[in-house]
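Sequence lines set the chain letters: A, B, ... in the order given, protein chains first and strands last, and positions in each chain run from 1.
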2 protein chains.
Amino acid sequence: MKSLSIKDIAVKANVSITTVSFIINGKAKEKSISEAVIEKVEKIIEESGYKPNQIARSLRTGNSNIIGLIIEDISNSFFSRIARLIEDKAYKRGYKIIYSSTENSIDKAKELINMFKSRKVDAYIISPIKGIEEDIQMLLDDGNPVILFDRNLSDVNTSYVGADHFNASHQSIQSFIDQGKKNIALVTTDINVEQIIERYDGYKKALEDNGIKYDDKLVLKIHFNQEEGETIAQIQELFENKKIDAVLFATNYLAISGLKALKQINKKVGDDFGVIAYDDHEAFELHTPRISAVQQPLEEIAETIIKLILNQLSSKGKLPAEEVIIPARLVIRD
Amino acid sequence: MKSLSIKDIAVKANVSITTVSFIINGKAKEKSISEAVIEKVEKIIEESGYKPNQIARSLRTGNSNIIGLIIEDISNSFFSRIARLIEDKAYKRGYKIIYSSTENSIDKAKELINMFKSRKVDAYIISPIKGIEEDIQMLLDDGNPVILFDRNLSDVNTSYVGADHFNASHQSIQSFIDQGKKNIALVTTDINVEQIIERYDGYKKALEDNGIKYDDKLVLKIHFNQEEGETIAQIQELFENKKIDAVLFATNYLAISGLKALKQINKKVGDDFGVIAYDDHEAFELHTPRISAVQQPLEEIAETIIKLILNQLSSKGKLPAEEVIIPARLVIRD
DNA sequence: CGGCTACGCTAAAACGTTTTAGTCGATCAA
DNA sequence: TTGATCGACTAAAACGTTTTAGCGTAGCCG
């Protein structure tokens, strides 16, 4: 069963294709189509269940009402939650979202950008990785709205929305120090992205501000794509061999692995061993004792992203890049 | 900067559009284009960075190399994990995935189907809800490959991939009984979908098989879209007012809420109070004590879905609907 | 009465591909 | 010599829309 086309409707209504198109697009009044014809055509459309072919539409108009969202990994709860919020908000404004994960692979990221480009998405929301600066610059040069989030790319002049990682990290470490902790570890990843570096810088600066000497041996950089088992082993090694009374995990999945590691070596979180995780997770609230965490304001981030995108879409000319840094919240538990 | 079209390439290479198209689509040999021309054109394409406009392609060929994935909620870890696996596997076979969440709204589900339809996706993977049978039937009538997963729709004759919810639930309850539990509660939702009903049936049957009388008061049906606070309150009420020594949560988010509820009223999970969650979650492994869970074999489900889809896509005629039920695994912890 | 504008509608071009049905010359078998 | 086949390529239709330009009639102004 072939699906209906505008032509079928035109024939049925005994009017021209043009007329039907005007009616579909709400230009009937403006183009002075008579009330009678409008009603007749609308009735036929209704009855036949005709839906315009969006592909033909896109081909003709050059836009798609689709926003492309490129993230690191949809199965990470930070991203899946933000994706959901963005999807929701975009949907309410008449936009659809297509998303896809890069898995931190430069090649896949490039491919995704190309795919979105050849599908003529109207705008791009990207949590980028180093190595795709050129591709992003090309999108910008072609006049596409692009918003980076979560991580910024300093070499390229785009709008960006993200949390204040430096301060959140600084504040976390400060809270440890205020509790009298001295030997504070940082478990982070080796991916070379801004927000991870900022968290590291915040850690360092807080130590310095309090006259505590930075010790390289207390910082563990986990290789990004490795097996969880190995991660756990490395973390255990850190905790068993060093004198440590507090630790900041730079991502929520590291914190999860870290908590598993602690559990296995039977080291308890508590007054004499503090833990803070960056990015909250359901498991932290449930853990005994409950784990403190830095919460990124997801709702606000999503809302800001959508606002910036819509601004850019509705303005003809290019808008100046805008950076929005949103404070993160340290939630102290138990 | 307008993007290049096949015509630009043709002009540059001084050949016809047709020739370029043949080369792009690997039909050069078959259409006996000379080696020299092939090389020349390929070089020009390479240098200019030309990418075919997929929209025009789709319009002409009627397919898109895109598979539409419709799920309940991307921020639920079960779905986001399966989405990631499906995306990955599809990607390796040259297909892209577009996904979107229904939020259990019939209207949104219908809209999504229409959106995918008008974008001419090649196939549909849907975790359906009751009320969209007709829409799915229409997709089938139009000859589209459709695979349902997670939940089946008995009124419509589609392929389906899902876990064996009845047995998993039965087995869970049986394990409680084997431990000597007598008053076993079930916390489930009121959404009227097959897999939830099967879990309920498994619960009932296991009690019956062991000569335990089914007690309506031990079954709590949580309204789907309600606030978490209310859910927690209801669960607390259940536990405080009834004599209960074990509970099966029918979804992982209910289990999360349930554990929060238990924590607040300071009821400990342990030998005299057993908990099993349906669908595993990182929080369960980390909980003290660790929480047992029914694991759906995500990897296998994703793989099976993709296989069925590809089979249908590559066979011309319609294939008979196929139901694949995959056993779930009860993981007993601590 | 001639020229304008408004009304109600439509023909046809354009968007960027794929694909069918050729064309034109050269080679080949009979 | 002729008809068929092959090699190398191409013109043009088609996919389903949107949109520009325009057509014929009627009413109105001066």
Problem set entry | Residue pairs, two or more places apart or on separate chains, that pass ring-ring contact (aromatic ring centres under 6.0 Å, His included) and touch residues 60-104 of chain A | A:Tyr99-B:Tyr99

Seminar exercise, completed: Rounded to whole Å, the NZ-P distance (A:Lys29 to C:dC7) equals 12 Å

For this session: If a pair satisfies side-chain hydrogen bond (donor to acceptor under 3.5 Å, both in side chains) and one of its residues is in residues 72-86 of chain B, list it, with sequence neighbours excluded.
Result: A:Asp73-B:Arg84, A:Arg84-B:Asp73, B:Glu72-B:Asn104, B:Glu72-B:Arg151, B:Asp73-B:Ser75

Exercise. If only side-chain N and O atoms of A:Ser21 are considered, is one of them under 4.0 Å from the OP1 or OP2 phosphate oxygen of D:dT17?
Worked result: no

For this session: Compare side-chain N and O positions of A:Lys7 against OP1 and OP2 of D:dC15 and report whether any pair is under 4.0 Å apart.
Result: no

For this session: Take atom CD1 of A:Ile6 and atom P of C:dA12, then tell me their distance rounded to the nearest Å.
Result: 17 Å

For this session: Identify, with sequence neighbours excluded, every residue that meets salt bridge (Lys or Arg N to Asp or Glu O under 4.0 Å) alongside B:Glu46.
Result: none

For this session: Just jot down the salt bridge (Lys or Arg N to Asp or Glu O under 4.0 Å) partners of A:Glu299, sequence neighbours excluded, or say none.
Result: A:Lys89

Seminar exercise, completed: From the list B:Leu112, B:Ile129, B:Ile132, side-chain contact (heavy atoms from CB on, under 4.5 Å) with B:Ile70 holds only for B:Leu112

Seminar exercise, completed: Whole-Å distance, B:Arg57 CZ to D:dT17 P, equals 22 Å

Problem set entry | Given C:dG16, D:dT19, C:dT18, the nucleotide with the shortest approach to the side chain of B:Ser5 | C:dG16

Exercise. Could you state the CD1-P distance from B:Ile9 to C:dT18, rounded to the nearest angstrom?
Worked result: 13 Å

Problem set entry | Distance-only side-chain donor-acceptor flag, A:Thr61 / A:Asn63, under 3.5 Å | yes

Sub-3.5 Å pairs of nitrogen or oxygen atoms, protein against nucleotides 22-24 of chain D:
none

For this session: Please report, rounded to the nearest Å, how far the P atom of C:dT17 is from the CG atom of B:Leu4.
Result: 9 Å

Exercise. Got a sec, which residues hit salt bridge (Lys or Arg N to Asp or Glu O under 4.0 Å) with A:Glu35, two or more places apart in sequence or on another chain?
Worked result: A:Lys29

Exercise. Under 3.5 Å, is there a donor-acceptor pair between the side chain of A:Asp142 and the main chain of A:Leu139?
Worked result: no

Seminar exercise, completed: The salt bridge (Lys or Arg N to Asp or Glu O under 4.0 Å) partners of A:Asp122 (sequence neighbours excluded) come to none

Do any N or O atoms of the protein come closer than 3.5 Å to N or O atoms of nucleotides 6-10 of chain D, and which pairs are they?
from, atom 1, to, atom 2, distance (Å)
D:dC9, OP2, B:Ser34, N, 2.7
D:dC9, OP2, B:Ser34, OG, 2.8
D:dT10, OP2, B:Ser16, N, 2.8
D:dT10, OP2, B:Ser16, OG, 3.1
D:dT10, OP2, B:Thr19, OG1, 2.6

For this session: Compare side-chain N and O positions of A:Lys120 against OP1 and OP2 of C:dC15 and report whether any pair is under 4.0 Å apart.
Result: no

For this session: State whether the number of non-hydrogen atoms from other residues, nucleotides or ligands found under 6.0 Å of A:Glu323 atom CD is greater than 12.
Result: yes

Problem set entry | Selection: residues 46-54 of chain A, any non-hydrogen atom under 4.0 Å of DNA chain C | none

Problem set entry | Residues in side-chain hydrogen bond (donor to acceptor under 3.5 Å, both in side chains) contact with A:Ser16, at least two apart in sequence or another chain | A:Thr19

Exercise. Among C:dT17, D:dT18, D:dG16, which is the nearest nucleotide to the side chain of A:Leu59?
Worked result: D:dG16

Problem set entry | Rounded distance (Å) that lies between atom C1' of C:dC15 and atom CG of B:Asp8 | 13 Å

For this session: Output all residues satisfying side-chain contact (heavy atoms from CB on, under 4.5 Å) with B:Lys120, sequence neighbours left out; order by chain, then residue number.
Result: A:Ser3, A:Asn53, A:Ile55

For this session: Using atom CD1 of A:Ile45 as one end and atom P of D:dT17 as the other, report the distance to the nearest whole Å.
Result: 10 Å

Problem set entry | Evaluation steps, side chain to side chain contact (heavy atoms under 4.5 Å, CB included), between B:Lys117 and A:Lys51 | CA-CA 9 Å; B:Lys117 190 151 55 167; A:Lys51 298 275 179 244; 5.7 Å; no

For this session: Give a yes/no answer on whether the side chain of A:Arg60 brings an N or O atom under 4.0 Å of OP1 or OP2 in C:dA14.
Result: no

For this session: Could you check how far CD1 of A:Ile23 sits from C1' of D:dT19, rounded to whole Å?
Result: 15 Å

Exercise. Hey, which of A:Ile325, A:Leu153, A:Asp150, A:Ile305 is the one that makes side-chain contact (heavy atoms from CB on, under 4.5 Å) with A:Tyr160?
Worked result: A:Ile325

Exercise. Taking five pairs at each end, how big is the angle between the two axes of the helix from C:dC1-D:dG30 to C:dA30-D:dT1, to 10°?
Worked result: 60°

